[in-house]
There are 2 protein chains.
Amino acid sequence: MAIRLRDDESSEIRALRLFSGIDDENFSALIRGAYVQNFPPQIELFTEGETSDFLHVVISGSVELFATWNGRETTMETLQPVSTFIVAATVKAAPYLMSARTLEKSRIILVPSEDVRAIFDADQTFARNVVTELAQGYRGVVRNTKNLKLRTSLERLANYLVHRHTCEDKADVFDLGIEKRRLASYLGMTPENLSRAIRQLEPYGVQVDGSCVTITDAKDLRAFAKPSELIDDPCS
Amino acid sequence: MAIRLRDDESSEIRALRLFSGIDDENFSALIRGAYVQNFPPQIELFTEGETSDFLHVVISGSVELFATWNGRETTMETLQPVSTFIVAATVKAAPYLMSARTLEKSRIILVPSEDVRAIFDADQTFARNVVTELAQGYRGVVRNTKNLKLRTSLERLANYLVHRHTCEDKADVFDLGIEKRRLASYLGMTPENLSRAIRQLEPYGVQVDGSCVTITDAKDLRAFAKPSELIDDPCS
DNA sequence: TTGACCGCTTGATATTTATCAAGCATCACC
DNA sequence: GGTGATGCTTGATAAATATCAAGCGGTCAA
């Protein structure tokens, strides 16, 4: 079960913003207790309410963070490699507020929370990195809230597409990058409405076939979407 | 304009979680450059998009954080004394994602952002506090997102009332604590709908007269609201 | 190859939420 | 005591969004 990290894996997470510039010795201490695990698709990694024992890092595959209440479920975020998640619960030693599941076959590094907290106290640079990571995360959620409260679902979809378009170097054809039903849930709408919303964007030069998106009039779409630096991450 | 802190004011913010346990000398350095300002009601303290030069602390009155897009506006949070705000923008030296305005006559301490960052590097304990504060804030926004995405506006209102009820030591009669139109905006609904939603909660033992709330059947209301530890802050 | 499943779409309908237009209090101010 | 504000409420209506029920077109394993 518990498998030590391969050298290429530890150097991969070493390159993460969170671990950049920290003392070699401290980094070693951090990954000494860490281990890697392979997960098949659709495996629940943890459930909201559980206490957080590990900082997680996706190094391949992808992971969905989601939340539930009263029989309903919504996806909060989907994570691509290489990224860390649930830093906040880790540093607070508090229960998870979200659940996580793999979307595909994924390789995930688990770093014991207590080690993270220990190295945080020992390493100035790491402390700074954690703060930056948290602040980044915080601002991300604030953006998301603004997106949800200030825009209609159609506007959210349009901005999602604009965002993807710029992320893909403004290529006219690109992949949606996420299953439609998950995109719907992420955007706070039903799959049925997403289908209809895509239709509604056709006049603005949007064509979606399966997961393949074609933007024929980016300017028109942007004019409708009105993306804002203070809501839509430039790219991330 | 720029007025040094009175002793009782510095000891008041000294008591804040953010500054607790930090070295006296470092604390002095932190407030050396800080100053207090009195603001009348309805004054905009800063506007989203501006770069953040100060960490703010409300010591009396109250402050609303709000956001705008495309002519629309929504209130994100209202802050009561004593609390700090925009820690994330401060530590990242990034532009504000929200605007702030006073709701009443308010007294606010402004701590230069660069001082905050300097003391962060110099003081272990302060660094830990900042991380805790940020993690807390992050988790708060996540809770808020869950509230928005998983509940209808009626459910959000019911849970807001349950929350206030427990905050007020389960007193059957308490004050709403916020102007109705602001509550509506905070809950992501229109004032008109808030009025109607209050009506709809009458069968669950809720009576609202002006800003005075009467709960006649807390159990019934809770049964409808289904508050969750993972969405609704116990109290804060 | 076939059949079952799954995700997506579509249409019809219901529910939720917003908008618009009065009307009614309250309160500061003349 | 008027007289505008302003915030709240109410009713009528419209728009946004969800739900329900098929149906369609893939994939995958028997």
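Chain identifiers are assigned alphabetically (A, B, ...) following the order of the sequence lines, protein sequences preceding nucleic acid strands; residue numbering begins at 1 within each chain.
At whole-Å resolution of the value, CZ in Arg151(A) and C1' in dT17(D) are 19 Å apart. The CG atom of Asp209(B) sits 12 Å away from the C1' atom of dC8(D) (whole-angstrom rounding). Rounded to whole Å, the distance from CG on Asn193(B) to C1' on dA14(D) is 13 Å. The distance from atom CZ of Arg196(A) to atom C1' of dG7(C) is 15 Å, rounded to the nearest whole Å. What separates CG of Leu194(A) from P of dG7(C) is a distance of 15 Å, to the nearest Å. A straight line from CG of Leu154(B) to C1' of dA18(C) spans 16 Å, rounded to a whole angstrom. One can place CD of Glu192(B) at 11 Å from C1' of dG7(D), the figure rounded to the nearest angstrom. Rounded to a whole Å, the CG atom of Leu148(B) is 12 Å from the P atom of dT17(C).
Against DNA chain C, the stretch residues 178-190 of chain A makes heavy-atom approaches under 4.0 Å through Glu179(A), Lys180(A), Arg181(A).
Using a 4.0 Å heavy-atom cutoff across all strands shown, Arg199(A) reaches sugar-phosphate atoms only and no base atom.
Between the side chains of Ser113(A) and Asp53(A), no donor-acceptor pair of N or O atoms lies under 3.5 Å. Remark: the Ser185(B) side chain and the Glu73(B) side chain contain no N/O donor-acceptor pair separated by less than 3.5 Å.
For Gln207(B), the side-chain hydrogen bond (donor to acceptor under 3.5 Å, both in side chains) criterion is met by no residue, not counting sequence neighbours.
Of the charged side-chain nitrogens involved, at least one lies within less than 4.0 Å of a carboxylate oxygen, so that Arg143(B) and Asp233(B) count as a salt-bridged pair.
By the 30° and 60° cut-offs, the orientation of the rings of His165(B) relative to Phe174(B) is tilted. Ring geometry, Phe54(A) versus Tyr35(A): the interplanar angle exceeds 60°, so the pair is classed perpendicular (tilted spans 30 to 60°).
Rounded to the nearest 0.5 Å, atoms CE (Met189(B)) and OG (Ser153(B)) are 4.0 Å apart.
Here Ser153(B) reaches the OP1 or OP2 of dT17(C): one of its side-chain N or O atoms lies under 4.0 Å away.
For dT17(D), its base never sits under 3.5 Å from the side chain of Arg156(A) at any donor and acceptor pair.
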